[in-house]
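Below is one structure; the comments refer to it alone.
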Amino acid sequence: MINVSFVVNSFFSSRTYLIEAQKSIFLIDCGDIESFCDMADSISAVLLTHSHFDHIYGLNDLLHIWPDVKVFTNDYGRQMLLNPQKNMSTYHDKPFTFLHHDNIVIVEDGEELEITDGITAKAIFTPGHNQSCITWHIDDYLFTGDALIPGLKTVTKLPGGDKDKARESELKINKLLSEFNLKICPGH
Ligand SMILES: [Zn+2]
């Protein structure tokens with residue numbers, strides 16, 4: 001069993017989800033870390049829904065505290081982590097480049113990963129908002145990032161966006177939600 005909570009980040013109100021398993025905590029995306037870095041004994045991993053700046057900007061601070069944290073993304077996500085233009089941070093005050101290449105783990109579509117304590121996460125690629133978009137299926141939850149935010153139209157106008165793919169991804173996500181009766185945890 002897992003316990004899911006979230007922090008609303010100061011930047012663009014993106015969400016960082018904290019997933020507590022029996023022995024450790026892992027995150028979905030990473031913005032402001034102040035509110036939980038004191039209380040968490042150890043954080044083992046960050047699963048990225050995509051690598052836009054507002055979903056990744058806390059990663060260097062996090063790895064400063066826990067240098068062994070693994071960061072899961074796809075190949076596009078990796079490129080964005082390492083390039084402030086691609087992750088869009090260059091258009092804001094603080095250009096962001098992820099400094100810990102060796103901690104990045106590249107995942108494939110459909111891959112099931114054991115994250116911690118026997119908790120598995122399935123990576124479902126849901127491009128459209130961006131090519132780095134991964135929806136994570138963990139337990140009874142679906143973490144959709146910006147690929148599907150209930151009540152909002154999916155943003156496809158940024159670089160790497162694709163309207164048709166976004167529509168396909170939305171259908172895929174909606175099918176999973178109803179088929180397995182999952183709870184949706186969006187990125188904002
Ligand atoms: Zn985004």
Side-chain angles (χ1 to χ4, degrees), residues 4 6-19 26-33 45-63 69 71-100 104-109 121-138 141-174 176-177 182-188:
V4 176
F6 66 87
V7 173
V8 176
N9 296 308
S10 57
F11 198 79
F12 281 3
S13 309
S14 60
R15 293 183 182 184
T16 297
Y17 286 92
L18 283 84
I19 302 175
F26 61 99
L27 308 180
I28 305 287
D29 295 341
C30 184
D32 303 324
I33 67 165
V46 182
L47 281 53
L48 296 179
T49 63
H50 64 303
S51 300
H52 277 148
F53 179 55
D54 51 328
H55 296 262
I56 62 172
Y57 68 91
L59 284 174
N60 285 335
D61 294 339
L62 189 80
L63 270 89
V69 170
V71 177
F72 294 84
T73 182
N74 64 16
D75 195 43
Y76 293 106
R78 180 180 178 281
Q79 292 173 36
M80 291 167 72
L81 282 170
L82 306 177
N83 183 327
Q85 228 146 359
K86 289 189 176 171
N87 65 42
M88 315 283 296
S89 61
T90 196
Y91 307 107
H92 302 284
D93 282 350
K94 285 186 196 162
F96 177 88
T97 305
F98 184 49
L99 299 171
H100 308 265
I104 300 173
V105 180
I106 302 293
V107 303
E108 302 297 332
D109 191 14
K122 185 172 182 179
I124 301 153
F125 286 15
T126 47
H129 172 64
N130 183 262
Q131 299 110 310
S132 67
C133 286
I134 300 177
T135 289
W136 294 98
H137 181 183
I138 303 165
Y141 300 87
L142 213 52
F143 298 89
T144 56
D146 293 358
L148 181 60
I149 302 173
L152 288 183
K153 198 164 174 278
T154 305
V155 175
T156 56
K157 282 188 182 140
L158 300 170
D162 183 309
K163 232 180 179 177
D164 295 335
K165 283 187 184 156
R167 183 79 196 111
E168 254 174 61
S169 293
E170 284 165 21
L171 290 171
K172 200 174 183 181
I173 291 167
N174 279 323
L176 282 167
L177 286 171
L182 304 174
K183 297 182 204 68
I184 185 169
C185 298
H188 292 262

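Just so it is clear, the model here is predicted, and its values are computed rather than measured. Ligands are counted one by one from 1 in listed order, and the atoms in each one are counted from 1 as well. Quick note: residue numbers are just sequence positions, from 1. All values below come from the heavy atoms of this structure, side chains included, with hydrogens, waters and symmetry mates left out.
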Among N, O or S atoms, His52 approaches the Zn ion (ligand 1) most closely through ND1

Of all N, O or S atoms in Asp146, the one closest to the Zn ion (ligand 1) is OD2

On a heavy-atom basis, the closest approach of Phe96 and Asn87 is O-ND2, 2.9 Å

Tell me whether the Zn ion (ligand 1) has His50 as a neighbour, meaning an N, O or S atom of it below 2.8 Å. yes

To the nearest 0.5 Å, atom OG of Ser169 lies from atom CD1 of Ile134 at 11.5 Å

Taking the six-membered ring for Trp, are the ring centroids of His92 and Phe11 within less than 6.0 Å of each other? yes

| Modelled atom types, side-chain donor and acceptor of Asp146 and His52, under 3.5 Å | no

